[in-house]
Every structure is written in structure tokens, then in C-alpha cells.
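Below: one structure, written as C-alpha cells.
Atoms within a ligand are numbered from 1 in the order they appear, just like the ligands themselves. Sequential numbering from 1 along the given sequence is applied to the chain's residues. Just so you know, these numbers come straight off a predicted model, no measurement behind them.
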Amino acid sequence: MVKNTPPMGWNTWNTFAEKINEELVLSSADVLLSSGLKDAGYEYVVIDDCWALRERDKAGRMVPDPEKFPHGMKYVADYLHARGLKFGMYSCCGTMTCAEYPASYDREYLDAAVFAEWGVDFLKYDSCFTPVYSDRKTLYRRMGAALANCGRDILYSACSWGIDETHAWIGSTGANMWRSTGDILDSWQSVKDLIKLQYKILPYGGVGCFNDMDMLIVGMNGRGHVGVTGCTEEEYKLHFAAWCLLASPLMIGCDIRNMDESAKRILTNRALIAIQQDARGCRPYLLKAQGSEDLPVIIRLLENGDLAVGFFNLLDSPANVWISTDDVGVPESAGRRLCGEELYTGKTARSLNGVFRTSLPAHACEVYRMKIVKA
Ligand code: GLA
């Protein structure tokens with residue numbers, strides 16, 4: 001499958017882990033439609049680990065747990081497709097999944113065919129229990145080849161956590177997205193760590209194979225499987241904005257059936273989603289305000305010539321931040337300046353004498369969509 005913009009959807013893992021079933025999946029799909037999330041672009045409904053029986057059947061096929069999914073997976077796929085949604089499932093390149101259910105090692109071609117038969121549109125492919133004598137990149141290439149020959153267009157979502165230099169070989173596997181991180185937790189520390197992990201790998205995302213920073217925690221508020229302390233509203237806003245600017249897939253991880261208004265507002269911020277979905281797919285780059293690792297400024301050139309510029313304050317204290325417009329290709333000496341709107345508040349701002357500055361509370365961000373205008 002060719003996918004030119006990073007996928008968006010909802011995944012069961014962050015909140016529900018093994019507590020999944022047909023009712024949860026179908027009712028969450030209904031909420032994607034009724035809440036406006038689908039209209040905002042969220043279209044994949046992904047069942048993560050723990051959907052199968054612990055053993056394959058006599059024909060070697062994986063079997064959906066009948067207590068959790070009494071009508072099987074084709075039924076789920078049909079329900080989603082009838083509502084304009086897409087169906088995602090999960091397996092793993094090792095001998096068991098991370099939660100110790102059957103996985104696809106040496107069964108890649110059979111499993112890909114079964115997923116195709118069930119009407120699957122997306123496969124998240126994890127990395128646990130790989131035999132020591134096997135090589136991760138070969139295992140991912142195997143499933144890539146199997147999916148490319150299964151007779152159905154299935155988006156390939158690789159989940160090898162950025163280990164074994166994933167960025168160097170993942171593009172050769174046929175994967176459409178690759179997990180560059182270990183598992184996210186619902187805490188400020190985790191958001192901050194995952195953002196800083198990106199600094200070295202910014203060139204390895206974009207059209208072809210999107211860099212997946214892991215599922216969103218917006219709206220979890222400390223509840224559910226990866227719920228820890230939860231985050232403040234400012235921290236969730238910063239998390240979402242960073243994922244958008246870095247063109248990460250946006251896979252919601254909260255219980256959308258009980259989502260609060262703040263989470264809904266953040267997750268449906270159309271202006272930020274437009275940046276994440278920008279058709280040009282230009283890679284983001286990083287400046288460090290005041291040279292600080294904790295004051296990243298992330299910039300992306302957009303299809304219509306605008307610049308998206310995100311200022312992030314990862315410090316525990318307020319900060320004044322500025323960039324020289326010269327550093328983003330817009331020197332005032334060339335008769336141009338930056339002028340734009342902040343995408344959470346709508347406030348407008350412009351550069352002055354070749355400098356764009358703002359001030360940020362602790363753990364806050366501002367993201368501007370800037371026009372390059374005559375000075
Ligand atoms: C790994 C993945 C997670 C999730 C679990 C399921 O930890 O990174 O995203 O899929 O496995 O067991």
C-alpha cells in the first residue's frame with residue numbers, strides 16, 4: 001500500500017490492553033462517527049494484542065477468542081467498512097506476541113492471507129520473542145513480502161521500537177510506518193523523553209515510511225493500561241502538537257466513549273491536523289532555542305509555502321524563546337518576515353528585525369502557521 005500522509009485512528013492498547021471485546025470495538029467505532037473524530041480524519045480502528053486464543057487451530061490459523069469476539073473478525077471488518085472506517089489488527093514477528101499470544105514467526109504468508117480474508121486494512125507488527133538466531137530486519141522483510149502478496153491492500157505498521165537501527169533498514173521492508181520508540185506512558189516524563197529521542201532521527205520519517213512516536217495518551221488522565229500520573233491539559237496539548245509537527249501517525253489511546261471536552265478539543269484541532277497531514281510531506285527540522293535541548297523549536301515547510309514553527313518548553317520553569325528568521329530561510333535582509341497565527345489560541349504574531357520571539361509557561365508550547373510576507 002502507498003500511503004502519502006500519516007495514518008490516524010484509534011487503538012485498543014493504551015487503555016484496554018487484554019480487556020478487549022467486540023462490544024468495545026464496535027461502540028468505539030460508533031463514537032468515532034458521532035463525536036466528529038472520523039470527520040477530523042481518524043479512520044483506522046485497530047485491535048492490538050490479546051485478541052486470539054492462545055493456540056492456533058488444526059489448520060495452523062490464528063483463532064479470534066470467541067468470548068471476546070463471538071462473531072469473528074470478518075464481522076468486525078464488515079461493521080467498520082459499512083461505516084467508512086478501516087480495520088486494523090495486530091501480530092508480531094516473533095514466536096509469541098508481547099502478551100504471549102500466537103505470533104507470525106514462520107507463519108507470515110498464512111497469517112497475511114487470513115488477515116486479507118478477514119478484510120483487514122492495517123497490520124501492526126510487533127517485535128517480541130524473536131529467536132536469537134533470527135535477524136529483525138529479515139523478519140520484517142518477510143511479513144512485508146507476505147502482505148504485498150496477500151491479495152489485499154494492507155497498511156504495514158512496523159513496531160520494532162527503533163531498536164537494531166530500525167531507521168536504517170525499515171524502508172526496505174515495505175512498512176508504511178515504523179515505531180521509533182519504546183512504549184509511551186501517560187506521564188509528562190514519557191512525553192518529554194519521546195520528543196527528545198526524535199532529535200537524532202528527524203530525517204527518517206515522512207512519505208514512504210512515517211516515524212511513529214507511539215499512540216496518543218491525550219484524554220487518558222492517568223486511567224487505563226499505560227495510565228501513570230496522567231498529564232495536565234498544557235502537557236497533553238504539547239504532546240499532540242509535537243506528534244503533529246513531527247508527522248507521527250495519530251492513534252488515539254484513550255477511551256473515546258468517555259472522553260472529556262478538553263481531550264476532544266485537542267484531538268480535533270483541525271489546524272494542527274492539517275500540518276500533520278500536509279501533502280508535501282517535507283521533513284521537519286530542529287533548532288534549539290538558546291542552544292537548549294529542553295527548548296526545541298521544530299519547523300516544517302508546508303505545501304502552500306507556509307512554515308509551521310512549534311516552540312516547546314520542556315523545562316519546569318517559564319522560558320522566553322526566540323529564533324532568528326535567518327535560521328529558517330527568511331532573513332529580513334532579503335526583505336521578508338514571518339507573520340502567523342498560533343494554532344491553539346488563534347493569536348497572531350510577527351517577526352521583528354529578523355527575530356521571532358515568544359514566552360512559554362513550563363511544559364507549554366505554541367505552534368504557529370507562518371506566512372512569509374514582505375517586510
Ligand atoms: C508492545 C508494543 C505495544 C503493544 C504491546 C502489546 O509493547 O510496543 O504498543 O502493542 O506490545 O502487547
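- Checked by atom type, the side-chain pair D111/S104 shows a donor-acceptor distance below 3.5 Å.
- Between H363 and W188, the ring planes lie parallel to each other; the angle is under 30°, not in the 30° to 60° tilted range.
- Here the heavy atom of the protein found nearest to atom 3 (C) of ligand 1 is D183 OD2, 3.5 Å.
- Listed by number with element, the atoms of ligand 1 under 4.0 Å from a non-hydrogen atom of C98 are 1 (C), 11 (O), 12 (O).
- Using cut-offs of 30° and 60° on the angle between ring planes, the pair F115 and W118 is perpendicular.
- D126 has no carboxylate O lying under 4.0 Å from a charged side-chain N of R179, or vice versa, which leaves the two without a salt bridge.
- For ligand 1, the atoms lying closer than 4.0 Å to a non-hydrogen atom of C159 are 2 (C), 8 (O).
- Here the protein heavy atom with the shortest distance to atom 1 (C) of ligand 1 is D126 OD2, 3.0 Å.
- Between C128 and C98 the SG-SG gap is short of 2.5 angstrom.
- Side chains of T5 and Q277: a donor on one and an acceptor on the other come within 3.5 Å.
- Near A99, the atoms of ligand 1 lying under 4.0 angstrom from a non-hydrogen atom of the residue are 12 (O).
- Near K124, the atoms of ligand 1 lying under 4.0 angstrom from a non-hydrogen atom of the residue are 3 (C), 4 (C), 9 (O), 10 (O).
- Contact atoms of ligand 1 toward Y90: 6 (C), 10 (O), 11 (O), 12 (O) (distance under 4.0 Å to a heavy atom of the residue).
- Here is the list of ligand 1 atoms found below 4.0 Å of a heavy atom in R179: 8 (O), 9 (O).
- Ranking protein heavy atoms by distance to atom 4 (C) of ligand 1, first place goes to D48 OD1, 3.5 Å.
- Among all non-hydrogen protein atoms, the one lying nearest atom 12 (O) of ligand 1 is D49 OD2, 2.7 Å.
- Applying the 4.0 Å criterion to heavy atoms of W161 picks out, from ligand 1, the atoms 2 (C), 8 (O).
- Using cut-offs of 30° and 60° for the angle between ring planes, the Y44 and F122 rings count as tilted.
- Ring orientation note: the planes of H167 and W178 are tilted relative to one another, at an angle of 30° to 60°.
- Counting heavy atoms under 4.0 Å from ligand 1, residue S127 does not touch it at all.
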